[in-house]
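Since the structure comes first, as structure tokens, the remarks are kept for the end.
Below, chains carry the letters A, B, ... as their sequence lines are ordered, and counting in each starts from 1.
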Protein chains: 2
Amino acid sequence: MKSVAAENIKEKALQWTPQRKTVFSVIANSEKKHLLAEEIYLMSKKVMPNIGLATIYRTLELFCTEGILQKINLPGEPARFEMLKEGNNDHCHYVCLGCGKIFEAPIQKDLSLSGAENDNIKDFTITTRSCWYFGYCKNCRDKAKIK
Amino acid sequence: MKSVAAENIKEKALQWTPQRKTVFSVIANSEKKHLLAEEIYLMSKKVMPNIGLATIYRTLELFCTEGILQKINLPGEPARFEMLKEGNNDHCHYVCLGCGKIFEAPIQKDLSLSGAENDNIKDFTITTRSCWYFGYCKNCRDKAKIK
DNA sequence: GTCGCTGCAAAGCTTTTGCAAATCA
DNA sequence: TGATTTGCAAAAGCTTTGCAGCGAC
């Protein structure tokens, strides 16, 4: 399993090397969805002990430009990477400040231009959306109340 | 002009020092809304040549925890800082990938829980929203078509 | 044989930290 | 005076880059 985007790499005469296969499968098979470069590196090293960190970074960058991955930057921590799916990737993320878990939900279709009173925005062509909500999940909120 | 949040600093026995005043006024009076630490540092140095970069970072962190500033992390560049206003700060950002300009619009009220099919999300308490749309403004899109 | 890819090490950049001196309450 | 803040320099942490060797086509 490589995905259409992965096929694109071959078409562009870029190589589907063992290292790139490893990085791809490690991310694709991970239970965690939002991975640090360091985590991807360590998981890849289990499969391919000689792989270098620079290769990880170069591969992640490649995958991002090819639309296989999305890079996520949250405050106070290194970048994370999330696998994109064919078709709709318009979901928003709910980050619990208590337990650190990340939940996801679809983004409303009409959300993008809502409330636009500004021509610049009414006439804006969106290519990528990134919506992040920070707060507390039920569990953590309940715990906080008990305290 | 200091804002309620700035007053809070005094109440907490934190000091409203010349350096902090400088950083605050430099950001408050800037035309650009989304500033790099480096930009704030250079602007502050014009007013107070001896101010140190570490002081800038420490002040920015303080202002963020006090709710005076919001830290913004976009991929591929250092953190930016945006001044928060009293009351509603729920706006989303449109970043033009052509000219780099950032436009703003209000966020829909009902946006947060829309499409939630998941209990974790239905029952999520949001404290902060961060919505970013990437794409092309009218100008840049038109230019691209001419090419 | 050419071109791209890899691993290693070094460098780069942003941000944080340690500490003595200065400042403020 | 005692606690906080500052500036400088050094360190830390993440990421990128240079380069020689390797591998694919």
Side-chain angles (χ1 to χ4, degrees), chain A residues 2 6-27 34-66 68-81, chain B residues 2 6-27 34-66 68-81:
Chain A
K2 286 200 226 171
E7 289 293 342
N8 288 342
I9 289 188
K10 290 187 97 167
E11 282 171 23
K12 291 190 187 177
L14 302 173
Q15 296 168 28
W16 192 243
T17 63
Q19 285 85 349
R20 291 176 184 177
K21 280 183 204 172
T22 298
V23 171
F24 181 86
S25 75
V26 149
I27 299 173
H34 308 89
L35 296 161
L36 302 169
E38 187 69 19
E39 293 173 324
I40 296 167
Y41 176 53
L42 293 177
M43 292 191 298
S44 300
K45 263 187 114 57
K46 285 189 187 165
V47 183
M48 184 181 279
N50 286 343
I51 199 168
L53 183 54
T55 301
I56 300 293
Y57 276 103
R58 284 187 282 231
T59 303
L60 292 175
E61 191 193 355
L62 174 71
F63 285 3
C64 284
T65 63
E66 291 304 315
I68 298 173
L69 292 180
Q70 187 174 28
K71 189 177 185 178
I72 295 165
N73 289 74
L74 299 180
E77 59 166 44
R80 291 180 181 275
F81 296 85
Chain B
K2 289 201 221 170
E7 289 294 343
N8 287 342
I9 288 188
K10 290 186 98 169
E11 282 172 22
K12 291 189 187 177
L14 301 174
Q15 297 168 26
W16 193 242
T17 62
Q19 286 84 349
R20 289 176 185 175
K21 280 185 204 169
T22 298
V23 171
F24 181 85
S25 74
V26 148
I27 299 174
H34 307 89
L35 295 161
L36 302 169
E38 187 69 19
E39 293 172 326
I40 296 167
Y41 176 51
L42 293 177
M43 293 190 299
S44 299
K45 262 187 116 57
K46 285 189 187 164
V47 183
M48 184 181 279
N50 286 342
I51 199 168
L53 183 53
T55 300
I56 300 293
Y57 276 103
R58 284 186 283 229
T59 303
L60 293 175
E61 191 193 355
L62 174 70
F63 284 2
C64 284
T65 63
E66 291 305 315
I68 299 173
L69 292 180
Q70 187 173 29
K71 189 176 184 179
I72 296 165
N73 290 74
L74 299 180
E77 59 165 43
R80 292 180 181 275
F81 296 86

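- Using cut-offs of 30° and 60° for the angle between ring planes, the A/Phe63 and A/Phe24 rings count as perpendicular.
- For B/Tyr41 and C/dT16, the OH to C1' distance is 15 Å, given to the nearest whole Å.
- Proximity of B/Pro78 to B/Glu38: side-chain heavy atoms (C-beta onward) are nowhere separated by under 4.5 Å.
- If you take CG of B/Leu60 and P of D/dT5, they are 15 Å apart, rounded to a whole angstrom.
- Proximity of A/Thr17 to the phosphate of C/dT6: a side-chain N or O atom is located under 4.0 Å from OP1 or OP2.
- For the side chain to side chain contact (heavy atoms under 4.5 Å, CB included) criterion with A/Val23, the lone passing option out of A/Thr17, A/Leu60, A/Val47, A/Leu62 is A/Leu60.
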* To do: Evaluate the side-chain contact (heavy atoms from CB on, under 4.5 Å) criterion for residues B/Met43 and B/Leu35: first the C-alpha distance (whole Å), next the side-chain angles of each, then the deciding distance (0.1 Å), finally the verdict.
  => CA-CA 10 Å; B/Met43 293 190 299; B/Leu35 295 161; 3.9 Å; yes
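- The distance between atom CZ of B/Arg20 and atom C1' of C/dA22, rounded to the nearest whole Å, is 14 Å.
- Distance, B/Ile51 CD1 to D/dC8 P: 10 Å, rounded to whole Å.
- Taking atom CG of residue B/Leu62 and atom P of nucleotide C/dT16, one finds them 13 Å apart after rounding to whole Å.
- Close to C/dG7, at under 4.0 Å from its OP1 or OP2, lies a side-chain N or O of A/Thr55.
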* Along nucleotides 14-25 of chain D, 5' to 3', which nucleotides get a B, which get an S, and which get a -, given that the test is a protein heavy-atom distance under 4.0 Å? -> SBBBB-----S-
* **Chi angles and distances behind the side-chain contact (heavy atoms from CB on, under 4.5 Å) call for A/Arg80, A/Leu36** => CA-CA 4 Å; A/Arg80 291 180 181 275; A/Leu36 302 169; 3.6 Å; yes
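- The CG atom of A/Leu74 sits 15 Å away from the P atom of C/dT15 (whole-angstrom rounding).
- When the P atom of C/dT6 is taken as reference, atom CD of A/Gln19 falls 5 Å away, rounded to whole Å.
- Between the OG1 atom of B/Thr22 and the CD1 atom of B/Ile56 there is a distance of 8.5 Å, given to the nearest 0.5 Å.
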